[in-house]
Amino acid sequence: MMSAAVEGSEPRPPACSSTTSDFADDATPAAPDLAEQRLTRAIRDLAELDPGGVRPAPYDPIRRGSSLSVARCLELFDAQLASRHLDLAARWLRARGAGYYTIGSSGHEGNAAVAAALRLTDPALLHYRSGAFYLVRAGQARPPRDGVTDVLLGLVAAAAEPIAGGRHKVFGHPELHVIPQTSTIASHLPRATGLAFALARAAKLGLETPWPADAVVVCSFGDASVNHSTAAGALNLAAYCAYQGLPLPLVLVCEDNGIGISVRTPAGWIESASAGRPGVRYFSADGADLEQAYETASAAADWARDRRAPAFLHLRTVRLGGHAGTDVESAYRTPAEIAADTARDPLLGTARLLIQAGALNPAEVLDRYEASRARVLALAADVAGAPRLSTAAQVMAPIAPRRPAIVAANLADRERQVQHTLRDRPVPAQPSGQAGPLTLAQAINQTLADEMADRPGMIVFGEDVARKGGVYGVTRGLLRTFGPGRVFDSPLDEQSILGLALGAGLAGMLPVPEIQYLAYLHNAADQIRGEAATLSFFSRAQYRNPMVVRIAGLAYQEGFGGHFHNDNSLAALRDIPGLIVACPARPDDAAAMLRTCLAAAELDGSVSIFLEPIALYHQRDLYERGDGGWLAACPPPEHQAADHVQVGRGRLYGNGKDLTIISFGNGLRLSLRAARTLAADGLNCRVLDLRWLAPLPFEDLLRAAAATGTVLVADETRRTGGVSEGVITTLVDAGFTGRIARVASHDSFVPLGDAAGAVLLSEAAIEDAARDLFR
Ligand SMILES: Cc1ncc(C[n+]2csc(CCOP(=O)(O)OP(=O)(O)O)c2C)c(N)n1
Ligand SMILES: [Mg+2]
C-alpha cells in the first residue's frame with residue numbers, strides 16, 4: 001500500500017560511493033555525505049590492522065576473553081550501520097519535504113551494545129539517539145521486526161507507524177517492550193524509576209505485571225539532561241530507595257556526547273555527578289568500543305537484575321552531524337572539536353574491532369556499509385508518500401478513549417461481587433457502611449478503604465499518607481489495614497510521587513498518589529501534562545498509565561496558610577487533553593466520584609485529578625451550627641452501585657424558577673447558603689454543582705441554564721483562567737441567549753489572615769450579583 005503511493009514518482013537516493021559532484025543537484029545535505037566519505041576513507045585505512053589468515057568462527061570471541069562473539073558483533077554492527085543510515089534517510093526525506101524529524105543517533109551507535117546486554121522483555125524508555133538500541137531490540141523479537149521501517153514511518157509521520165501512528169517521532173513498540181517517550185528531556189526518568197519500583201513492589205504483593213519477575217527497566221538519556229531537576233530527582237529517588245534496601249531493578253544509561261545542543265558538559269562532570277551515589281552502582285564504557293560497551297552494559301544489567309538494584313551506565317559517545325538536521329554546528333564548535341568526534345566514530349570503532357579480529361576486511365566492511373545504505377534509503381523512498389493522519393478525529397482518537405457504560409457496569413457488578421467477598425475482607429480503616437453520616441474526609445477515607453479491599457492492585461502513597469494518615473487524616477488507618485506494601489510514605493518530591501504513579505500504572509497497578517496541596521502540584525505538573533496525559537496519545541492507546549491523583553486544594557482556610565495552602569488555580573489542569581478533573585464538594589459525591597475515577601482508571605486507563613476542597617474536609621454544617629447539613633451517609637459497598645456518578649454529570653439542588661447558580665467545590669456551599677437568603681427575598685434559585693471540572697457536565701449545564709433562562713456562575717477560582725470562563729463559553733457556544741453573569745475570586749494570590757476574604761469569592765458577592773441580575 002505504501003509503495004503504491006510513491007510508485008515511480010519518488011527520486012532514488014544517491015549511493016555513497018559517488019563523488020561529491022554527484023550530489024550537487026541533489027537535496028541531500030552536503031555535510032553528512034562528506035562525513036560519509038571521510039568515514040569510508042578511514043575504514044580503508046584500517047587495512048593494516050587486518051591479521052589475514054584464518055577467519056574466526058562465528059562463535060569465537062571477538063576479542064580474547066570476551067563474551068561478545070564474532071557473529072553477535074556482526075549483528076550489532078549491522079544495527080549500527082542501519083541506525084546511521086536512518087539518520088541519512090531522515091535528512092534526505094526532510095530535504096524532499098517528505099520527512100519531519102532529523103535528530104539522529106549518529107555517534108551514539110554504541111547503544112546497540114546496551115540492547116544486546118539486556119533482554120527483549122526488559123522495559124525500555126529510550127533517548128532520542130537510541131536508534132541502534134531500537135534496531136537491536138527489533139531483531140530480538142521472534143520473528144524479528146523490521147525496526148528500520150518502524151523508524152522511517154515515524155520520520156514521515158505515517159499513520160501506519162506502529163507506536164504513535166504519525167503523532168510524533170518516537171521509538172516504541174509494545175512487542176519490543178519499548179515505551180514511547182516525549183521530547184521533554186529527562187521527563188521519563190521519574191517514570192522509569194517508578195516502573196522499576198513498581199515491578200519489585202508488584203512481585204512482593206503477588207500481582208502480575210506485563211513483564212517477567214526478573215525484568216530490569218532500562219532508561220537512556222543525554223548528558224545535558226542529567227542536569228535537569230527531573231533527572232536529579234529521579235536519580236535521587238533511585239538512590240533513596242536503594243539506600244533503604246528497597247528493590248529497584250533499573251539501568252540508567254547516560255549517553256554522554258559531551259554536549260547539549262551547543263552547551264558543553266564540563267569534562268568529568270557526569271562521572272562526578274553520578275558516581276558514588278549511595279546504592280547506585282556506577283559503570284563507565286567507551287561507546288566507540290562495542291566490545292567494551294557490551295561487557296560493561298552486561299555487568300550493569302547483571303547488577304540490576306541479580307541485586308534488584310539501580311545501575312548508572314555512563315556510555316561515552318560522540319555526536320556526529322550536529323544536534324539536528326538544521327543545526328549549523330560550526331557556529332559553536334571548532335573544526336578541531338568536530339574532527340575529534342569524527343575520529344571516535346563508533347562505526348569506525350566496530351569496523352576496527354571486526355578487522356582486528358579477522359572477521360571482515362575493509363572491503364567487506366564497506367560492502368556491508370553500502371548494502372545497509374542502499375537498503376535503508378530504498379525503504380525510505382518507499383515510505384516517503386505513506387498516508388498521514390488528516391482529520392482531528394483521527395489525531396485525537398487515542399487521547400483518552402473512555403467506555404462509561406463499561407465503567408458503570410463494572411461498578412454495578414461489584415454490588416454482587418462485594419456481597420460474596422464481604423466476609424473475607426480485611427477490616428477497613430473506618431467501619432464500612434457505618435450508619436452515621438460522614439464528613440467529606442471520612443467519606444473519602446472510607447471509600448479508599450473499601451476500594452483497596454476490592455482492588456488488589458490499588459496502592460496509596462505520598463508525603464505523610466502512611467504513618468500520619470495524611471495532613472488532614474484522609475488516609476488514616478489505611479496503613480494498619482493494608483500494610484506498608486500498599487500504603488507508604490514517599491520522599492518529599494512531587495515529581496517522584498507522580499513518577500512512582502506513572503511507573504506503577506504502566507506496571508498494571510492502580511496508583512492513588514496524594515499531593516499535599518494544589519500549589520505543590522504545579523512544580524511537578526509536567527509529570528501529568530507531558531507524561532501521564534500524553535502516553536496514550538503517543539502510543540495509540542497501546543500503553544496507558546491509569547492513576548487517580550488526590551490533591552488537597554482550594555482556599556477558605558480562615559486566613560491560615562497563605563497562598564500556597566489556599567491555591568485556587570486550575571487552568572493548568574483543565575486544558576490538558578483527556579485529563580479528568582473531579583472536584584467533589586459533598587461526602588456522598590466524593591465517595592461515588594472516587595469510585596468512578598478508580599473504575600475508569602482500572603478499565604480505561606484514565607488519568608484523573610481528584611481535587612478535594614480542604615475547607616470542606618471536616619465541614620459538618622450547611623446553614624446553622626449543628627444542622628449536619630454537610631454530612632452524608634455513605635452506603636456500604638454492596639449498595640453503592642446505584643450511587644455511580646458518571647464522569648461529566650453535575651448535580652442539581654432545588655428547583656427555583658428565577659435563577660440558576662452554577663458552582664462547584666467551596667462555591668457550592670456558599671451558593672446554597674446564598675440561595676436560601678435570596679429565596680427569603682423572593683428570588684428562587686436552583687444550584688448546579690458541576691462536580692467535574694473537566695470534562696464539564698455539558699448537558700446538565702445547558703438543561704439547568706435553560707430551566708430559568710438566567711445564569712450566575714459562582715466560581716472560587718480566579719476571574720482570569722478560572723472555571724467560569726469555560727462555563728460561560730460553553731453556554732454561549734451552545735446558543736444560550738439568556739442573561740449570564742459571573743462572580744469569581746480576584747486575579748490575585750491568596751494572602752494570609754483576614755485579607756484572604758478580600759480576594760476570594762464570598763457568599764455576599766454571590767447574593768449581590770444575583771440581585772444585580774434582576775435589577
Ligand atoms: C525540558 C526541555 N528543555 C529543553 C529542551 C530542548 N532541548 C532538546 S534536546 C536538548 C539538549 C539535550 O542534550 P543532551 O541531554 O546532552 O542530549 P543530546 O542531544 O546531546 O543527546 C535541549 C535543550 C527539551 N527538549 N526539553
Ligand atoms: Mg549530549
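Note that ligands are numbered from 1 as they come in the structure, with each ligand's atoms numbered from 1 the same way.
Aromatic ring orientation, His188 versus Phe221: perpendicular (interplanar angle above 60°, classes split at 30° and 60°). Ring geometry, Phe538 versus His168: the interplanar angle falls from 30° to 60°, so the pair is classed tilted.
Ranking the protein heavy atoms by distance from atom 6 (C) of ligand 1 puts Ile261 CD1, 4.6 Å first. Of the protein's non-hydrogen atoms, the one nearest atom 25 (N) of ligand 1 is Ser183 O, 2.8 Å. Nearest to atom 19 (O) of ligand 1 among the protein's heavy atoms is Tyr128 OH, 2.6 Å.
At a cut-off of 3.5 Å, with distance as the only test, a side-chain donor of Gln80 or Thr350 sits close to an acceptor on the other residue. A donor-acceptor pair shorter than 3.5 Å cannot be found between the side chains of Glu255 and Thr317. Using modelled atom types and a 3.5 Å distance limit, the side chains of Thr534 and Thr182 yield no donor-acceptor pair. Residues Asp493 and Tyr240 have side chains that never bring a donor and an acceptor to within less than 3.5 angstrom of each other.
For ligand 1 and Thr184, the ligand atoms under 4.0 Å from any heavy atom of the residue are 1 (C), 26 (N). Annotation for ligand 1: atoms under 4.0 Å from non-hydrogen atoms of His127 are 17 (O), 18 (P), 21 (O). The ligand atoms of ligand 1 that sit less than 4.0 angstrom from a heavy atom of Asn257 are 18 (P), 20 (O), 21 (O).
Using a 4.0 Å cut-off between heavy atoms, Asp223 contacts ligand 1 through both its backbone and its side chain. The parts of Ser225 lying near ligand 1 are both backbone and side chain, judged by heavy-atom distances below 4.0 Å. The backbone of Ile259, and not its side chain, has at least one atom closer than 4.0 Å to an atom of ligand 1 (non-hydrogen atoms only; backbone = N, CA, C, O). Contacts with ligand 1 closer than 4.0 Å are made by no heavy atom of Arg319, backbone or side chain.
In this structure, Phe221 does not count as a contact residue of ligand 1, since none of its heavy atoms falls inside 4.0 Å of the ligand. Using 4.0 Å as the threshold, His323 has a heavy atom nearer than that to some atom of ligand 1. At least one heavy atom of Arg129 sits under 4.0 Å from some atom of ligand 1.
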query = Arg368 and Asp78: salt bridge (charged side-chain N to carboxylate O under 4.0 Å, His left out), yes or no, with the steps?
reply = CA-CA 8 Å; Arg368 243 177 151 96; Asp78 285 343; 2.9 Å; yes

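Taking backbone and side chain together, Asp223 holds an N, O or S atom under 2.8 Å from the Mg ion (ligand 2). Gly258 lies apart from the Mg ion (ligand 2) in this respect, since none of its N, O or S atoms is found at a distance under 2.8 Å. Residue side and main chain included, Asn257 places an N/O/S atom under 2.8 Å of the Mg ion (ligand 2).
Between the side chain of Tyr332 and the backbone N or O of Ile261 there is at least one donor-acceptor pair closer than 3.5 Å.
Enclosure of atom CZ in Phe749 is not indicated, since only 12 or fewer non-hydrogen atoms of other residues, nucleotides or ligands lie within 6.0 angstrom.
Nearest-heavy-atom check against atom 3 (N) of ligand 1 across Asp256, Thr230, Ile270, Ile185 picks out Ile185. The option from Ala224, Gly530, Ala324 that lies nearest to atom 14 (P) of ligand 1, judged by heavy atoms, is Ala224.
Ion pairing between a basic and an acidic side chain is recognised when a charged N comes within 4.0 Å of a carboxylate O; Asp345 and Arg38 show no such pairing. By the 4.0 Å N-to-carboxylate-O rule, Asp575 lies close enough to Arg529 to be salt-bridged with it.
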